[in-house]
Amino acid sequence: MSKYADLLNLPDAQGHFGPYGGRFVSETLSHALEQLEEQYTRLSADPAFQAEFDKDLAQYVGRPSPLYHAERWSNHLGGAQIWLKREDLNHTGAHKVNNTVGQALLAKYSGKQRIIAETGAGQHGVATATVAARLGLKCQVYMGAEDVKRQAPNVYRMKLLGAEVISVESGSKTLKDAMNEAMRDWVTNVDDTFYIIGTVAGPHPYPLLVRNFNAVAGREAREQALQQIGRLPDALIACIGGGSNALGLFHPFITDDEVEMYGIEAGGEGIESGRHAAPLNAGRPGVLHGNRTYLMEDDAGQITPTHSISAGLDYPGVGPEHANLKDVGRVKYELATDAEVMEAFADLCKYEGIIPALESSHALAFAKRLAPTLGKDKHLIVNLSGRGDKDIMTVAKMQGITL
Ligand SMILES: *Cc1c(COP(=O)(O)O)cnc(C)c1O
C-alpha cells in the first residue's frame with residue numbers, strides 16, 4: 001500500500017490540507033462558499049453533470065491531449081526520455097480552460113446569470129470570457145491597472161469575446177489586488193453571480209474543485225503512459241504559479257510511490273536577488289485570499305513584490321495543497337531562473353518545432369537539468385501547460401530584437 005494513501009482524503013471537511021487551506025472569509029462569503037460546496041458535492045456525484053463535462057472536454061476543448069515523445073530533444077540531452085503532455089493543444093492554448101469549462105457548468109446548473117473572474121496576465125480572463133460567451137452569460141473580469149497596460153492583447157481578446165474588463169486601481173494594481181476586488185464584488189452580488197477562480201488557491205472549496213477539473217490531464221497521462229511507455233513514468237514535472245496545471249497532472253499519480261514529482265517555481269533573477277516568485281522555496285506560511293499557505297512576505301507580514309519572466313507565474317502565494325505536499329515530502333519544489341527558461345524555450349523550438357509558453361518553459365528547464373543525469377531507459381513527463389505564441393514579444397525583447 002502507498003505510504004501516501006492519506007493524501008487522497010484531503011482536503012478534510014473544513015478544507016484543510018494538513019495545516020494549510022481552510023476558509024478565512026467574512027460571514028457573507030462563508031455562506032456562499034458553503035452553498036458552492038454543497039452544490040459541487042451533489043453535482044460531482046451526478047452522472048448527468050459528469051457526462052456533460054466530459055462531452056465539453058471532448059468536443060469544445062479537444063481532449064484528450066496527446067502524450068508526445070520529444071525524441072530529438074531527449075537524444076540531444078543524452079539521458080532520460082522526455083514526454084510532453086500537450087495541454088498547449090487545448091482550445092485557447094493552455095490547461096486553464098479545463099477548469100473554466102467545469103466552473104461554467106456549475107454556474108449554469110446554479111442558474112446564475114453573471115460570471116466574474118480575476119486575472120493577472122489575462123490568460124484566465126480569456127478562458128473565462130470564452131466559456132461565458134458559449135453559455136450566453138454576462139462576464140466581468142477584474143484586472144490590475146498595471147496588468148491592463150502590460151497585457152493589451154489579452155484585454156482586447158476578452159472584449160472580442162464579449163466580456164467587460166474592470167481595471168483595478170488599488171494596491172500594487174496587479175493580480176492580488178484584482179482577486180481582492182473580485183471577492184468584494186462576489187460578497188455583494190452573490191445571489192446572481194458565480195465567481196470563477198483561476199487556480200487551486202482561494203477559500204475552500206475552490207482548491208478542491210479547480211484541482212479536480214484539471215485532473216483530467218493526469219488521468220489521461222497515466223493511461224497514455226501505460227499504453228505508450230508500457231509502464232508508469234519515473235517522474236512528473238510541472239511549473240507552479242498557483243499550482244493548478246501541476247496538481248492536474250500530479251494528483252492521479254499521488255499514490256504511485258515510485259513516480260517522483262517536481263514542481264518548478266519561478267526563480268526569476270535568482271533567490272539571492274529577491275526578484276522571483278517562489279513562495280515554496282523562499283517564503284513562509286501566512287494567510288492570503290481566504291486560505292493559509294506559503295507566501296512571499298516581509299518581516300511585517302506585508303506581501304512582497306514578485307518577479308518572473310512569465311506573467312502567469314507572477315503570484316506571491318501558491319495553492320494550499322502544494323504547501324502540504326511540500327511539508328510531507330511527496331513533491332519536490334525546485335526553481336528555474338529566467339535565463340534557464342530562455343534556453344529551454346529555445347531548445348523546444350529548435351529540436352521539436354513547438355513554441356512553448358514561458359510558464360511551461362520552467363518545467364522544461366528543470367527537465368533539461370534532470371534528464372542528462374538519468375539513464376536512457378528512464379521516462380519523464382513534462383506538463384506543457386500552454387503554447388508560447390503569446391510570449392514571442394517578451395522573448396524578442398529579451399534577445400534585444402525589435403519586432
Ligand atoms: C496561468 C498559467 C500557468 C500557471 O498557473 P497554474 O495554476 O500554476 O497552473 C502555467 N502555464 C500557463 C500556460 C498558464 O497560462
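Read the numbers this way: they start at 1 and go in the same order the structure lists the ligands and their atoms.
- We find that Arg63 and Glu87 are joined by a salt bridge, their nearest charged nitrogen and carboxylate oxygen being less than 4.0 Å apart.
- Look at Lys173 and Glu169 and you find a salt bridge, because one of the NZ, NE, NH1 or NH2 atoms lies within 4.0 Å of a carboxylate O, short of that distance.
- By the 6.0 Å and 45° rule, Lys326 stacks over the aromatic ring of Tyr294.
- The residues Glu37 and Arg23 are annotated as salt-bridged, a charged nitrogen and a carboxylate oxygen being separated by less than 4.0 angstrom.
- Of all protein heavy atoms, the one closest to atom 14 (C) of ligand 1 is Lys96 NZ, 2.8 Å.
- The aromatic rings of Tyr109 and Phe49 sit perpendicular to each other, their planes meeting at more than 60°, with 30° as the lower class boundary.
- Ring geometry for Tyr262 against Phe366 counts as tilted: the plane angle lies between 30° and 60°, on a 0 to 90° scale.
- Counting only heavy atoms of the protein, atom 6 (P) of ligand 1 lies nearest to Ser244 N, 3.3 Å.
- A perpendicular orientation is assigned to the rings of His322 and Tyr333, their planes being inclined by more than 60° (bins at 30° and 60°).
- Taking every heavy atom of Asn245 and a limit of under 4.0 angstrom, the matching atoms of ligand 1 come to 6 (P), 8 (O), 9 (O), 10 (C).
- For atom 4 (C) of ligand 1, the nearest protein heavy atom (residue, atom name, distance) is Gly312 O, 3.5 Å.
- Residue contacts with ligand 1: His95 is included, with a non-hydrogen atom under 4.0 Å away.
- Those atoms of ligand 1 with a heavy atom of Gly241 less than 4.0 angstrom away are 8 (O).
- Ligand 1 has no nitrogen or oxygen under 3.5 angstrom from a nitrogen or oxygen of Ala94.
- Atoms of ligand 1 lying under 4.0 Å from any heavy atom of Cys239, numbered from 1 in the order shown and given with element: 10 (C).
- Annotation: Thr199 places an N or O atom under 3.5 Å from an N or O atom of ligand 1; distance criterion only.
- Residue contacts with ligand 1: Leu313 is placed with no nitrogen or oxygen under 3.5 Å of a nitrogen or oxygen of the ligand (distance criterion only).
- If you check which protein heavy atom lies closest to atom 11 (N) of ligand 1, you get Ser385 OG, 2.8 Å.
- Relative to the ring axis of Phe24, Arg292 does not place its NZ or CZ within 45° and under 6.0 Å from the centre.
- Heavy-atom contacts of Gly386 reach the following atoms of ligand 1: 13 (C) (cutoff under 4.0 Å).
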